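Quick note on labels: first sequence line is chain A, next is B, and so on, each numbered from 1. All values below come from the heavy atoms of this structure, side chains included, with hydrogens, waters and symmetry mates left out. This structure is a prediction, so every number in the text was calculated from the model and none was measured.
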Amino acid sequence: VTLGTVSTVLFLVQCGTGTLLALYYQPSLDGAHASVALIAKELRYGWLIRSLHVWGMTLLLVAILAHLLVTFLRGTYRSPREFVWGSGAILFLVLCAGAFTGQFLPLDQEAWQGAVIAGSSAGPLKPLVYGGEGITDSTVTRFFAAHAIALPALALLLMAAHVALVGRHRLAGAPEATASDPTFLERVTIATLAALGLLVLLAVAYPAGIGPKADPTTSVATVKPTWIFLPLYQAMHYGQEGVLLYVVLPAFVLLPFLDRGKSRALALGIGLIVIAAVAALGLLGAFA
Amino acid sequence: MIALAALLVLQDEWRRVDKDAHCLECHEDALEEVRGSVHEKEGCIACHGPDEINVRQTRGNPHRKMAAFKSWRGRNLTEDCGACHIAVLEALKPSKHYVDTRRATGSMKKGCIDCHGEVVEGKGEHGHRVLKATLGLFNDCRQCHDPASRENIEGLRFKKDVEAFEGFAAMAQVQLRAFEPRAGIPTRALADAIGAAGRTRAELRTTQHGMNFKAIEEARARSAAPLHEAYNKLADREREFASRWTIAAPFLLLVGAGIALTALRRRRPTS
């Protein structure tokens, strides 16, 4: 619950900073990079807002991953809280999609190649993703609409469902994680302040830079995606992304329905192996 | 009559030459001399004009009239070059370096190629190679002007000034590249100044043909001033950005204090 509250606060930070960024962002092939450069370099404290937004996404995903991991280890996802887990897991995927679409918006080289890979993976859905056959102004507006309207709205709905479900199952929740716990408020305050402090520290110490404008005619061989996609990136490198997308991800979302037996040992064992494998893929992707 | 005509046609078979491929059957060496220059892209006919050649004739001059340079004494070569290099011709016209090659005598009789032509061994006075308009050409002013003359000294000074200008713009460009990916440091002013400097440099390439050094020096200085200013401001901006910690540090301390206070309160819930 603590990590859930921290995630919610970080999500609100994303909404606030994102709205400010949207005031200056221009969703077009010509305007996107220039407008992000304007925000990141020319506008007073524009760099801070953008850095908070970029680092905020990282911290948000870390918080949710930690939240999911704790829930998995405690086993509190099991019946009757299948849908608490399910809504949380889908929320995580929606936020990953937010990270992906957000990475595209500055239209630097990294963004361009990410979009090319997304387009080629989308197969027959490519015209839907791109708004045409190639990456055009329509692609930028589509990614922007998804990033700034559709995905946050979806995330809000899922959060509402998640919180409502948590409330419904509160009594059976983790033993100490209830609002009646006298130290709960302090714990949440500390965690939230720590997260916000860390966010500001990271944003000020390592402001988000901006790469050169995408040049569709050149392709940089080793453009790597945001860290959260590194396992997928490495799996694609081996040509095995199907395992990740069609086996691991559905199993992750449907975990409470798969793990129904009396003993948790099997689920815990398989889960830890899969987590280790995905983490290893990510590390390979980062350093190989 | 018909037989006579047929005989004539058989004897002399004139073919109109309006493609470079025909020229290169004999003049491949000329192509080598213009290799890589804009004159290669334009092709032989752009300057020499189309002609007709006698395809049967293998010795002597097979050209019927050799439209352009064969009879250059009757043409104004400066205007011929100016047909493409329009702005240069405009700049050149008021200066003494504009020569009408039909009337010119002495050291300036071939117009543009007096300075831009390269003398090639065994090719007569000039081959097809044309020297690019580099600043190095200003070293050659003394070929016509006395080394101590105002013309030579001003020319060399102009060359030095422009070289310094170019050097500074190149340095600014390196600095811009380094700062461009960094957040929080505005570089647009510098990018704009470098762009303006580049346009000025391109303009100078044209206007320097007028040899009006006072006017072109003024144009150069007008562009150099904002470039220097933008370049110097970058260091200030970097310092300013480094001072972001003066605002961030108290905030972080505040957050730290908040965490500490809450933790204390948690330890002693009764107090």
Side-chain angles (χ1 to χ4, degrees), chain A residues 2 6 9 13 21 24 33-55 106 108-111 176 181-214 220, chain B residues 172-196 198 226 229-271:
Chain A
T2 310
V6 169
V9 171
V13 169
L21 292 176
Y24 286 94
H33 186 270
S35 63
V36 175
L38 177 84
I39 293 167
K41 298 167 63 59
E42 309 290 327
L43 294 179
R44 190 169 281 264
Y45 297 116
W47 63 270
L48 181 62
I49 302 296
R50 179 159 176 265
S51 301
L52 287 173
H53 196 68
V54 171
W55 277 111
D108 51 13
Q109 199 65 39
E110 214 172 298
E176 75 275 34
D181 177 359
T183 64
F184 170 75
L185 199 63
E186 279 97 337
R187 211 146 44 86
V188 167
T189 310
I190 289 173
T192 307
L193 280 177
L196 289 180
L198 182 63
L199 175 60
V200 171
L201 184 70
L202 286 169
V204 174
Y206 305 103
I210 177 166
K213 191 178 177 189
V220 185
Chain B
Q173 182 73 42
V174 170
Q175 196 76 337
L176 179 68
R177 287 252 173 77
F179 275 94
E180 222 154 32
R182 287 176 59 177
I185 300 168
T187 48
R188 184 184 274 185
L190 185 62
D192 288 350
I194 290 174
E229 198 191 326
Y231 182 86
N232 293 335
K233 255 199 185 141
L234 209 59
D236 296 342
R237 301 289 197 166
E238 196 182 13
R239 262 195 304 282
E240 269 169 41
F241 188 59
S243 73
R244 68 194 185 277
W245 286 105
T246 55
I247 300 169
F251 177 82
L252 288 171
L253 280 177
L254 216 63
V255 171
I259 293 174
L261 279 177
T262 320
L264 278 176
R265 214 180 93 112
R266 191 184 168 200
R267 264 269 168 96
R268 288 171 289 170
T270 46
S271 63

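Heavy-atom distances place the side chain of B:Leu252, and not its backbone, under 4.5 Å from chain A. Proximity to chain A (any heavy atom under 4.5 Å) is restricted, for B:Ile247, to the side chain, taken from C-beta onward. If you measure heavy-atom distances from A:Ala205 to chain B, the contacts under 4.5 Å come from both the backbone and the side chain. Residue B:Arg188 touches chain A through both its backbone and its side chain, counting heavy-atom pairs closer than 4.5 Å. The contact between A:Ala208 and chain B is made entirely by backbone atoms, counting heavy-atom distances below 4.5 Å.
The residues B:Asp236 and B:Lys233 are annotated as not salt-bridged, no charged nitrogen and carboxylate oxygen being separated by less than 4.0 angstrom.
Separation of atoms CG (B:Leu190) and CD (B:Glu180) is listed at 9.0 Å; rounding is to 0.5 Å. Note that CZ of B:Arg237 and CD of A:Glu42 are 8.0 Å apart. Values are rounded to the nearest 0.5 Å. Here the CZ atom belonging to A:Arg187 is positioned 3.5 Å from the OG1 atom belonging to A:Thr2, to the nearest 0.5 angstrom.
A cation-pi arrangement is present between B:Arg244 and B:Phe241 under the rule of less than 6.0 angstrom and at most 45 degrees off the ring axis.
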